[in-house]
Amino acid sequence: MTGFDLTRLLAERGDERYDLHARHLNHQLPRMLHTLGFDKVYDRAEGAYFWDRDGRDYLDMLAGFGVMGLGRHHPVVRQALHDVLDAGLADLTRFDCQPLPGLLAEKLLGHAPHLDRVFFGNSGTEAVETALKFARYVTGRPRIVYCTHAFHGLTTGSLSVNGEDGFRDGFAPLLPDTAVELGDLAALERELKRGDVAGFVVEPIQGKGVHPTPPGFLRAAQELLHRHKALLIADEVQTGLGRTGDFFAYQHEDGVEPDLVCVAKALSGGYVPVGATLGKDWIFKKVYSSMDRVLVHSASFGANAQAMAAGLAVLTVMEDEETVAHARHTGDLLRSRLAALVERYELLHDVRGRGLMIGIEFGRPKSLGLRSRWTMLQAARKGLFAQMVVVPLLQRHRILTQVSGDHLEVIKLIPPLIIGEREVDRFVEAFTAVMDDAHGGGGLMWDFGRTLVKQALQTH
């Protein structure tokens with residue numbers, strides 16, 4: 001009988017969490033959290049909320065960067081995992097065909113009827129890596145085109161199509177890939193004419209800055225790519241599974257049928273990491289062209305029973321609870337109420353997005369007093385004002401959000417898809433209070449801004 005007792009271990013050493021990270025993991029994470037006052041101790045979570053030891057609730061508008069599509073600890077997903085563990089399946093033998101992967105693939109493909117087959121890995125970046133490998137193999141070409149400001153993951157292949165230099169610096173050489181501006185069809189066509197492009201990978205809504213593709217862009221890009229015998233790869237790792245009010249974000253535009261689609265995050269139910277690459281039959285048959293190539297692309301933990309059970313439960317819940325339609329309705333409500341504030345606050349410049357993927361952008365104010373303070377922050381580091389909004393949302397209103405990317409004055413909202421009018425009311429009221437504080441010269445908020453400036457200057 002083992003002496004391991006998880007409950008006791010957490011009770012005895014749970015308070016060491018920040019020290020343990022500082023000593024043994026990424027030491028900059030606890031440092032950053034301490035600096036921002038984000039070093040909370042959350043004891044439990046359910047749905048769209050966390051609770052601390054004092055019983056105070058925190059509204060989650062981040063959803064684990066989109067992982068918690070159904071919120072935390074959804075009872076159906078939780079029960080599915082209990083069931084699959086209790087079943088004692090002969091999992092990961094590597095030399096049989098278990099039913100759960102086929103059932104999950106069948107269910108996923110039902111939402112993308114133009115696609116035929118699925119490869120299961122363990123994360124979003126693996127799903128993208130799979131798509132890059134498949135595209136390069138079936139076309140016989142080396143180069144992938146991607147968009148500036150894109151984010152597709154941080155392993156070497158997906159890093160090669162990352163549009164942010166801060167992530168790429170120091171990790172060269174990478175794959176032979178080329179960036180174009182989102183929406184620039186002429187630039188895409190110039191690259192395709194060189195004859196060495198295997199595919200174009202694109203987020204239907206860019207996570208960094210929350211920028212939707214321009215109307216008609218995906219359809220036109222698809223036509224260009226196919227004319228030049230290259231593939232359209234849709235990265236739906238964050239935008240997929242109802243996030244934008246359709247099951248896949250590319251479905252907002254008629255006639256778009258990507259050759260490969262990458263999903264992950266919400267498919268996990270927040271429990272077991274899983275990634276999936278959906279593709280056309282001819283692509284898979286060319287990659288796996290013979291029995292000699294049966295393992296030419298695989299993943300040790302891919303298609304494990306726990307991940308497949310979680311994925312099946314997630315998709316069933318989404319169908320039963322009409323999650324996609326709910327996300328569309330709630331997203332429209334939240335976005336419209338925030339957009340109504342643009343005329344009220346000169347620091348608030350734009351509210352954009354689709355479904356429950358919303359970007360709130362701040363910009364240079366017109367009045368002299370606010371403009372001088374804005375300029376002070378911008379001189380130190382772009383993005384500090386957005387951080388000034390994120391911090392009081394957590395500290396004063398107990399709402400967790402994020403700045404949408406380094407050096408961006410944009411807050412991204414990607415809450416669990418299950419939030420409703422109560423959560424919309426709570427967020428809008430809190431956001432309004434923070435903006436009132438900023439525009440009224442609120443001392444605490446701008447004092448914190450000066451602290452951030454000092455931190456930024458010390459960093460540099």
- Less than 4.0 Å between a side-chain N and a carboxylate O, is that true for D332 and R328? no

- Message: Enumerate the side-chain hydrogen bond (donor to acceptor under 3.5 Å, both in side chains) contacts for residues 213-223, please, sequence neighbours excluded, ordered by first and then second residue.
- Response: R219-E223

For residues 60-67, please give each side-chain donor-acceptor pair under 3.5 Å, one per line with the distance, not counting sequence neighbours.
residue: D60; atom: OD1; partner: L62; partner atom: N; Å: 2.9
residue: D60; atom: OD1; partner: A63; partner atom: N; Å: 2.9
residue: D60; atom: OD2; partner: A63; partner atom: N; Å: 3.3
residue: D60; atom: OD2; partner: R72; partner atom: NH1; Å: 2.6

- So the ring pair (Phe, Tyr, Trp, His ring centres under 6.0 Å) pairs with at least one residue in residues 220-241 (sequence neighbours excluded) are none

- Under the salt bridge (Lys or Arg N to Asp or Glu O under 4.0 Å) rule, what pairs show up with a residue in residues 250-279, not counting sequence neighbours? D259-K280

- Message: Quick check against the 3.5 Å criterion: does T130 have a side-chain atom that pairs as donor or acceptor with the backbone of G121?
- Response: no

- Note on the structure: The complete set of ring pair (Phe, Tyr, Trp, His ring centres under 6.0 Å) pairs with one or both residues in residues 302-339, sequence neighbours excluded, reads none

- Are any non-hydrogen side-chain atoms of P142 and D196 less than 4.5 angstrom apart? yes

- Task: Would you mind listing every side-chain hydrogen bond (donor to acceptor under 3.5 Å, both in side chains) that reaches into residues 93-102, with sequence neighbours excluded?
- Result: T93-D96, D96-Q98

- Item | Under the ring-ring contact (aromatic ring centres under 6.0 Å, His included) test, residues paired with F248 that sit two or more places apart | Y250

- Note on the structure: Residues passing the side-chain contact (heavy atoms from CB on, under 4.5 Å) test with T156, sequence neighbours excluded, are L174

- Item | L20 backbone acceptor or donor facing R13 side chain under 3.5 Å | no

- Query: What residue pairs, at least two apart or across chains, pass ring pair (Phe, Tyr, Trp, His ring centres under 6.0 Å) with a residue in residues 264-287?
  - Reply: H73-Y271, F134-F284

- Task: May I have all residue pairs that pass ring pair (Phe, Tyr, Trp, His ring centres under 6.0 Å) and include part of residues 162-199, sequence neighbours excluded?
- Result: F151-F167

- Task: Give every residue pair that meets the side-chain hydrogen bond (donor to acceptor under 3.5 Å, both in side chains) criterion with at least one member in residues 408-422, sequence neighbours excluded.
- Result: Y49-R422, Q238-K412, Q378-E409

Donor-acceptor pairs under 3.5 Å, side chain of residues 75-84 to any protein atom, not counting sequence neighbours: which ones?
residue: Q79; atom: NE2; partner: D83; partner atom: OD1; Å: 2.8

- Can you find a heavy atom in the side chain of E126 that is under 4.5 Å from one in the side chain of T155? no

- Message: Any donor-acceptor pair under 3.5 Å linking the side-chain atoms of T244 with those of H252?
- Response: yes

